[in-house]
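Lettering follows sequence order; numbering is per chain, from 1.
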Amino acid sequence: MAPRVIYWFRTDLRLHDSPALNAALDLKPEVLYPIWCWDSHYVYRARVGVNRWQFLLDCQQDVSKSISKLNKKSKLFVLREPAVTLLPKLFKAWNISHLVFEKDTDAYARERDAQVMELARKAGVEVIVKAGRTLWDSDELVKANDGKPTMSMSQVQKAAEKLGEPDKPVDTPKTLPDPGDMKLDFDQTQPKSAPDINEKHRDEKEGTYSAGIAGPNGDFSVPTLEELGMKPATTQHRGGESIALKMLDDIIANEEYTGTFEKPKTSPAAFEPQATCLTSPYLHFGALSVRYFYHKVQDVVEKRRRAKKAVSEVPVSLKGQLLFRDMYFGAQAKLGWSFGQTYNNSHCRFIPWHLPSKVDVNKKLITGEYEVDDEEKDIWFQRWAHGKTGFPWIDAIMRQLRQEGWIHHLARHSVACFLTRGGCYISWERGAEVFEELLIDHEAACNIGNWQWLSCTAFFSQFYRCYSPVAFGKKWDDNGDFIRKFVPELKDMPKKYIYEPHKAPIADQKKAGVLIKGDGEETERDGVAVYPKPMFDFNTQREICMQGMKSAYAVGFYGNSKAVMDGTWKKAFDDSGEGPTSGEQGGPAGLDSFEDADGTEELITSPPTAKRAGRNEGSTGSPKSTRGHKREHSQSTLEGSFKKKAR
DNA sequence: AACACCGTTGTGCAT
DNA sequence: GATGCACAACGGTGT
């Protein structure tokens, strides 16, 4: 019998350089079904804001069109049911012989795919999996690194040396087989919708499952944001393989840019156009092949080398950027779920951050909620997340993130340092969650890795190198054009005060049409714009954080240290120091025994779920002020702690 | 074993 | 404006 193949698209929404798709075609199938299984984890459990949804739908639409160009009977058939329940029914209904997909090493995807592979085995369906999401198969990279997670660039380079150059791109298919008939002689299994972590993004009820497996028109079309019950996207960035390939052509055509790219020399304040090439969201959804990108870049670099022209080198070069991506994938591939949290993470330093994750000690996983050890810190967190800290550079970045879904890498550094070790002393896990929700290029491995990097809990440790929310921005954008764009209430503030508007005399404030007062709740008074005062004195907080980091490093716990695992870590920290260091409950080893509210099991076991303990659920609302707060679980004040430490 | 050197992307001041 | 240094000092790697 000629093979009857399901090609399962996931984060590989492209036709070019797809080893997995080509492997499916190499089977010379009688029929090939290009399908997408509508995943409830992505709809309800992962943090996905409107902008990344839009980007995904763009990518799906585009690849569907490209498939139809090769065979007008075919397209991307979107089936509205999760893979684990749907695929076994399809195997039968469509008389499938082979299932083919691209390898995914994300912790969640590994569990899902293991279940799918077991179900395929039981159904007598052969499974073919090909790596194509990274330069090297992440498991092979780990193996070449003595079986250890790749935690530094030098380790990646050494391991890569053993593996040789990444595979050359494979050809784009010129034809595609017909799909078979789309018989659905079975019922849809509707996934559990609660808890719905993305509820705050919805105007209407989520409705992608309610119209049945084939959707409202019965044609397996790509869903819309309206069907998801979501407001329109606010980003101008659009997804799809077609755009990605054109972008890459433009990058490569500029040989000097490609050959001499140095990341630290690109400006985080540049917009329209931004200073870096913005290929990351396309890499995330697989609309752009990373290996194709790599070899295109290397061709240019080699050509320039032969011509004795200047070229940049790893790690600052474009190749270096792609190597970092593989590094984070390698770390995640080895560490699994624990990579995404402090608790039980063998390679993440333990710091007694504020707003630590709650932990289910039985599953050894964070629950998705966090402990509010100090009400003031939760307010700081909300103000940070909504761009109302009173530090214009930080607020401009956070507003660009919320509006456009993409910010420059150094901008990410600046706000991440500010939230964690260089300002608020709040857990990197809180920041990672906000980025997960808002970034169109959110890649779990890279996001988690970079948050650990910036918080000096893994990959990087020089915590005394601290970004200033004033000086760092000024270095790139003395006039504050970036602030004027994204914090428009400050657009007429004199250059002298644009990074520190609270220092502007009232007369200058009035002239600029903005009053600097309050805590971010008030945005206007008597027709005049209001911008908040800084939520703390930066130099004071910086010093508190430095001392906190120094003592936490001296204690030397990691996420899997016994004292962290059993909650006794508090004994090792001074109650007068920074962070939640007293009380019986709370903290990353808060020993929160977590159970599903209704006691039912998820289809996929134990992804960190969607509940959150924070007071401010709204993504667009303004943070609420709580005056006269008190520290709930700690006995000392910030000021007291600072004074004591400073002696 | 002890030590030097390096690490994608700090700040603030002096020269 | 460019460059160099102190700041106070991290872990990994290599000699």
Side-chain angles (χ1 to χ4, degrees), chain A residues 145-146 148-161 260-270 274-277 280 297 301 311-328 331 346-351 391 393-394 397 407-423 428 446 449-479 499-500 537-559 645-646:
Chain A
N145 190 43
D146 302 326
K148 291 184 285 208
T150 42
M151 301 304 289
S152 74
M153 199 48 147
S154 57
Q155 289 173 9
V156 171
Q157 285 177 291
K158 258 187 239 165
E161 192 103 350
T260 64
F261 182 91
E262 291 183 50
K263 182 65 145 290
K265 291 188 180 167
T266 59
S267 169
Q274 71 287 339
T276 50
C277 48
S280 48
V297 168
V301 169
V311 291
S312 54
E313 300 289 344
V314 172
V316 295
S317 61
L318 276 179
K319 173 180 169 177
Q321 309 313 301
L322 300 181
L323 290 182
F324 275 114
R325 184 172 175 274
D326 263 49
M327 176 181 84
Y328 291 132
S346 54
H347 287 68
C348 181
R349 266 186 188 285
F350 174 81
I351 312 283
F391 294 94
W393 170 250
I394 299 296
I397 294 167
I407 52 179
H408 186 276
H409 190 65
L410 291 181
R412 300 181 196 202
H413 278 210
S414 212
V415 297
C417 180
F418 184 87
L419 183 73
T420 58
R421 67 178 166 89
W428 64 265
C446 301
N450 277 314
W451 273 96
Q452 291 177 3
W453 183 299
L454 263 299
S455 62
C456 290
T457 49
F459 301 101
F460 183 73
S461 54
Q462 289 156 274
F463 55 77
Y464 44 87
R465 289 191 188 167
C466 179
Y467 290 84
S468 157
V470 174
F472 186 70
K474 266 188 192 165
K475 187 167 76 184
W476 298 100
D477 177 18
D478 191 35
N479 192 48
Y499 283 87
E500 295 174 285
D537 178 72
F538 177 72
N539 286 330
T540 306
Q541 269 310 116
R542 181 183 169 281
E543 198 52 43
I544 289 170
C545 289
M546 288 263 186
Q547 293 306 321
M549 293 301 287
K550 196 175 159 184
S551 45
Y553 263 64
V555 169
F557 289 154
Y558 281 80
K645 291 280 181 186

> If you measure from the P atom in B/dT8 to the same atom in C/dA8, how many Å do you get, rounded?
25 Å
> Taking atom P in both C/dT13 and C/dA9, what distance in whole Å separates the two?
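About 23 Å, rounded to a whole number of Å.
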> If you look at every strand shown and take non-hydrogen atoms under 4.0 Å, does A/R412 touch a base, only sugar-phosphate, or nothing?
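No contact.
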> Expressed in angstrom and rounded to an integer, what is the separation of A/K148 atom NZ from C/dG12 atom C1'?
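So the two atoms are 11 Å apart, to the nearest Å.
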> Can you confirm whether the side chains of A/E161 and A/Q157 place a donor and an acceptor under 3.5 Å from each other?
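Checked: A/E161/A/Q157 side chains show no N/O donor-acceptor pair below 3.5 Å.
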> Would you say the side-chain atoms of A/Q452 pair up with the backbone N or O of A/A458, donor to acceptor, closer than 3.5 Å?
no
> Would you kindly give the NZ-to-P distance between A/K474 and B/dC13, to the nearest whole Å?
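One finds 12 Å between P of B/dC13 and NZ of A/K474, rounded.
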> Ring-plane angle category for A/F459 and A/W453, please: parallel below 30°, perpendicular beyond 60°, tilted otherwise.
parallel
> Does A/Y553 lie flat on the base of C/dC10, that is, centres under 5.5 Å apart and planes under 30° off?
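According to the criterion (under 5.5 Å, under 30°), no, A/Y553 does not stack.
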> Check the distance between B/dT8's P and A/H409's NE2 and give it to me in whole angstrom.
11 Å
> Can you identify which nucleotide, out of C/dT13, C/dC10, B/dG10, has its nearest atom closest to the A/R465 side chain?
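Given the options C/dT13, C/dC10, B/dG10, the side chain of A/R465 is closest to B/dG10.
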> Please say whether the positively charged group of A/R349, taken as NZ for Lys or CZ for Arg, lies over the ring of A/F557, i.e. under 6.0 angstrom from the six-membered ring centre and within 45 degrees of the axis.
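No, cation not above the ring by the 6.0 Å, 45° rule.
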> What does A/Q155 touch in the nucleic acid at a heavy-atom separation under 4.0 angstrom: a base, only the sugar-phosphate, or nothing?
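It contacts sugar-phosphate atoms only.
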> Over all strands shown, is A/W476 touching base, sugar-phosphate only, or nothing at heavy-atom distances under 4.0 angstrom?
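Contact class for A/W476: none.
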> Can you tell me, in whole Å, how much space there is between the P of C/dG1 and that of B/dT9?
25 Å
> Please give, in whole Å, the distance from B/dT9 P to A/Y464 OH?
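Distance check: A/Y464 OH to B/dT9 P gives 11 Å.
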> Does C/dA8 have a Watson-Crick or wobble partner in any strand here, with both distances under 3.5 angstrom, and which is it?
none
> Nearest-Å distance, CZ (A/R421) to C1' (C/dG11)?
14 Å
> Is any side-chain N or O of A/K158 closer than 4.0 Å to OP1 or OP2 of C/dG12?
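Checking C/dG12 against A/K158, no side-chain N or O comes under 4.0 Å of OP1 or OP2.
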> To the nearest Å, how far apart are A/F324 CZ and B/dT9 C1'?
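Those two atoms, CZ and C1', are 10 Å apart.
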> Does a donor on one side chain sit under 3.5 Å from an acceptor on the other, for A/Y467 and A/H413?
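The answer is yes; a qualifying pair exists.
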> Would you indicate, yes or no, if B/dT9 has its OP1 or OP2 atom less than 4.0 angstrom from a side-chain nitrogen or oxygen of A/K265?
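So the side-chain polar atoms of A/K265 never come under 4.0 Å of the phosphate oxygens OP1 or OP2 of B/dT9.
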> Below 4.0 angstrom from OP1 or OP2 of C/dA9, is there any side-chain N or O of A/K550?
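Affirmative; the distance criterion is met.
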> If B/dT9 has a Watson-Crick or G-U wobble mate with both distances under 3.5 Å, name it; if not, just say none.
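Its partner: none found.
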> Whole angstroms only, please: what is the NZ-C1' distance between A/K475 and B/dG10?
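Whole-Å distance recorded here is 6 Å.
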> Which nucleotide sits closest to the side chain of A/Q462: C/dC10, B/dT11, B/dT8?
C/dC10
> Give the rounded distance in Å between these two atoms: NE2 of A/H413 and C1' of B/dG10.
12 Å
> Taking the minimum atom-to-atom distance to the side chain of A/R349, which one of B/dT9, B/dT11, C/dG11 wins?
C/dG11
> So what does A/F472 touch, heavy atoms closer than 4.0 Å: a base, only the sugar-phosphate, or nothing?
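A/F472: backbone/sugar contact only, no base atoms under 4.0 Å.
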> Hey, does A/I351 have a side-chain heavy atom less than 4.5 Å from the side chain of A/M549?
yes
